[in-house]
Amino acid sequence: MNGFNEIGFFKKIGLKLILVVSLTVVIIIGVYSYFKIKSQSDALLAEVERHANQLSETVKNSTRYGMLLNQREYVDEIIKTIGKDPAIDNIRIYNKEGEIIYSTNPADVGKMLDKKAESCYACHTENKPLEKLSTKDRTRIFKPQENLPRVMGIINPIYNEKSCYEADCHAHPENASVLGVLDVTISLAEVDKQIRKNEIEEFLFAIISIASIGIIIGLFVKRWVDKPVKELVKATNQIAAGNLNYEIKDLGNDELGYLAKSFNNMTKKLHETQQQLLQSDKMALLGKLAAGVAHEINNPLTGVLTYSSYLLKRTKDNPELQEDLNVIVRETLRSREIVKSLLDFARQSTPKKNLIDVNEVINRAHTVVSNQLSINKIKLIKEFDETLPKITADANQIQQVILNLFLNAIDAIGTDGGTITIKTSQTTLPPKGIVHIKAALCPKNHNLIDNDHKIGGLPSIKIKMKTDGNEGFLFLDPIYGRAKHYFGIPVEKNEAIKLSCPVCDLSLIDKNEKCPVCGGAVYKIEIPTQGYLEGCASFKDDWQRWKEVDEEGDKKFVEIQFTDSGCGIPQEYIHKIFEPFFTTKGQKGTGLGLSVVWGIIDNHNGTITVQSEVGKGTTFSIKLPVE
């Protein structure tokens, strides 16, 4: 059953993402709407307050002359006329004792107010009137009754002036500061109506915005998250079921797209690793089997070969029987060669090195196959360097290498004749591009050599890589200076890259060094007993340095070039020919000969490469160090 379908609806990552984003949007829009409504309300109230203050000053200035002359009817008429404005709730004037002496509501005249009441406290603290108050402190908002709209009241103290205390009509003491208070109240019904309208509009805007954003997010999450995740889950289920050939289709260039590509690379490597494990199992079984093969198979084969050869001699006059016996002899010899190849492959051991002459070893191998060369009409051309220095190597193993190459060349040329050219020479090469890194450690001595991922047939150096938003593995080329690295994740130029041990995650970046080419960071890897390998950690260039190897200078090699004029090897098979059990000969070959050759050359710290063209021939180049 598909594991994705078993996940509860409310546990799906797409829904969680939509809910989190929607909740965030609700909070953001809610906070925005609250402050916007508050800002609008404050602005409206501030405007009303400014209007009320202007109105208060207008009333105060309009009644000033009447009050100086004590013309009460004139003052009262002005107040009542102004108070007819529908927006004005009430206008009252109190004397300093708190008595209402003027009001747009005649019923209020003569009433007394409590100076200690909350509405009066701002102007009367401990019965001491304040001379000056800010507009904010003189303003109040309240409801006259519960069922009535709010009103805004603003008080305007009437201060004692010289014209007041020197007036003939009603002189006031000179030491009096405040003679009375003008109180103007304005209805806030229209303002509250506008505020409610703004609140409804903001609420509708918030609901529509949240719904729209939720729908848009849902569509994009389904396309960019839900669909790719379903595809990835499906792929993991396929892999779990053993289908390592399953491949995820292109999911784009975002992180999930890169994840899909990395997943495809991973499955490809898993498939390769599975095949390698199968080959390793075969090799392990062969190793156990080889010990008993010599006794269990070779002895019976020897008996069959002996008696069939004896019968051949006794049945010279019976052609039909001889033909059958020839088949037995031929197949018995073939079986013995297969057994020998298995034993050679299983018995690869540490070479017993001595000073040897490569030319002499080649001549000995030639002697062994001279009859086969003659039968197949193959001409051997030797181009030996007679000044060739001796090398330290196992003569028997090197002879085995040459014999294997001879036999492969004979099979490739066939019975129609051809040429084999063997050329020996000495050469001097720098360590870069030649030296094989066989061991690598992190600062905590964890092994970095990865036998599962090979580059050019050799185990690579596995490093953990982190970039901006990506994490994966980097596989360094094990040949110093060759730089055929494999990147498990995409790497962009000018991107910050962190390299660390895949086991302990300890950084491999040397903070004290900079790349001399690009000025970027430098990685540093310990090569046991051989110093440190350094390289550009930004991979903008191919700079590498192995100080200990570089200090040894150029290395001398004996080179053997083995060229045949045979059928050649198709290019798609070139990288496989050294793998165990790979053969293009069908039933005629075991696929072990070149594997043995590779192992022997590698044990001698040498290199072997091949160049071939179908229909023209093949050239094997072997380089063995002169030590």
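Bear in mind the structure is a predicted one, so any value in this text is a computation, not a measurement. Any value given below was found using the heavy atoms of this structure, including those in side chains, with hydrogens, waters and symmetry copies removed.
Checked by atom type and distance alone, the side chain of Thr424 pairs as donor or acceptor with a backbone atom of Asp385 at under 3.5 Å. Using a distance-only test at 3.5 Å, with no hydrogens or angles considered, no donor-acceptor pair links the side chain of Ser500 to the main chain of Ser507. Between the side chain of Ser370 and the backbone N or O of Thr367 there is at least one donor-acceptor pair closer than 3.5 Å. At least one donor-acceptor pair closer than 3.5 Å links the side chain of Gln322 to the backbone N or O of Leu312. Of the possible donor and acceptor atoms, one in the side chain of Ser308 sits under 3.5 Å from a partner among the backbone N and O of Val304. Side-chain atoms of Lys234 do not come within 3.5 Å of backbone N or O of Ile248 as any donor-acceptor pair. Of the possible polar contacts, one joining the Tyr480 side chain to the Trp546 backbone as a donor-acceptor pair under 3.5 Å is found. Formation of a donor-acceptor pair under 3.5 Å by the Asp564 side chain with backbone atoms of Ala409 is not found in this model.
The side-chain hydrogen bond (donor to acceptor under 3.5 Å, both in side chains) test applied to Asn447 returns no partner, not counting sequence neighbours. For Tyr532, there are no ring-ring contact (aromatic ring centres under 6.0 Å, His included) partners, not counting sequence neighbours. Taking the ring-ring contact (aromatic ring centres under 6.0 Å, His included) definition, one finds that His366 meets it with nothing, sequence neighbours left out. Checked against ring-ring contact (aromatic ring centres under 6.0 Å, His included), Trp543 has no partners two or more places apart in sequence or in another chain.
To the nearest 0.5 Å, atom NZ of residue Lys540 and atom SG of residue Cys515 are 9.0 Å apart. Note that CD1 of Ile437 and CG of Asp477 are 8.0 Å apart. Values are rounded to the nearest 0.5 Å. With rounding to the nearest 0.5 angstrom, the CD1 atom of Ile527 is 7.5 Å from the CG atom of Leu441. The distance from the CD1 atom of Ile391 to the CG atom of Asp357 is 9.0 Å, given to the nearest 0.5 Å.
Enclosure of atom NZ in Lys498 is not indicated, since only 12 or fewer non-hydrogen atoms of other residues, nucleotides or ligands lie within 6.0 angstrom. The number of heavy-atom neighbours closer than 6.0 Å to NZ of Lys379, taken from other residues, nucleotides and ligands shown, is 12 or below.
Looking at Ile497 and Tyr523, their side chains never come closer than 4.5 Å, going by heavy atoms from C-beta outward. When side chains are defined from C-beta on, Thr618 does not count as touching Cys567, because their heavy atoms never get closer than 4.5 Å. Taking 4.5 Å as the limit, some side-chain heavy atom of Leu624 sits within range of a side-chain heavy atom of Ile601. Here the side chains of Ile378 and Ser565 are not in contact, with every heavy-atom distance at 4.5 Å or above. A 4.5 Å side-chain heavy-atom check between Val503 and Lys444 finds every atom pair outside the cut-off. Contact of the Ile413 side chain with the Asn376 side chain is not registered, since no non-hydrogen atoms from C-beta on lie closer than 4.5 Å. Side chains of Val435 and Ile479 form no contact here, defined as non-hydrogen atoms less than 4.5 Å apart.
When the options Arg545, Lys547, Lys524 are evaluated for a salt bridge (Lys or Arg N to Asp or Glu O under 4.0 Å) with Glu513, the one that passes is Arg545.
The ring-ring contact (aromatic ring centres under 6.0 Å, His included) pairs that include a residue from residues 552-571 are Phe406-Phe562, where partners are two or more places apart or lie in different chains. The list of side-chain hydrogen bond (donor to acceptor under 3.5 Å, both in side chains) pairs with a residue in residues 412-423, not counting sequence neighbours, is empty.
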Stepwise salt bridge (Lys or Arg N to Asp or Glu O under 4.0 Å) check, Lys353 with Asp394: CA-CA 4 Å; Lys353 296 182 179 181; Asp394 187 321; over 6 Å; no
Evaluation steps, side-chain hydrogen bond (donor to acceptor under 3.5 Å, both in side chains), between Lys382 and Asn359: CA-CA 10 Å; Lys382 297 180 181 178; Asn359 292 338; over 6 Å; no
Steps toward side-chain hydrogen bond (donor to acceptor under 3.5 Å, both in side chains) verdict (Asp450, Ser460): CA-CA 5 Å; Asp450 186 1; Ser460 60; 4.7 Å; no
From CA spacing to verdict: side chain to side chain contact (heavy atoms under 4.5 Å, CB included), Ile422, Ile381: CA-CA 6 Å; Ile422 303 178; Ile381 301 173; over 6 Å; no
Side chain to side chain contact (heavy atoms under 4.5 Å, CB included) assessment of Ile622 paired with Val401: CA-CA 10 Å; Ile622 300 172; Val401 168; 3.8 Å; yes
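Taking the six-membered ring for Trp and the full ring otherwise, the centers of His453 and Tyr486 sit less than 6.0 Å from each other.
A cation-pi contact links Lys462 to Phe473, judged by a cut-off of 6.0 Å to the six-membered ring centre and 45° from its axis.
Residues Pro389 and Val558 come closest through the heavy atom pair O-CG2, 3.9 Å. Here the closest heavy-atom approach between residue Gln571 and residue Ser612 is recorded as NE2-O, 2.7 Å.
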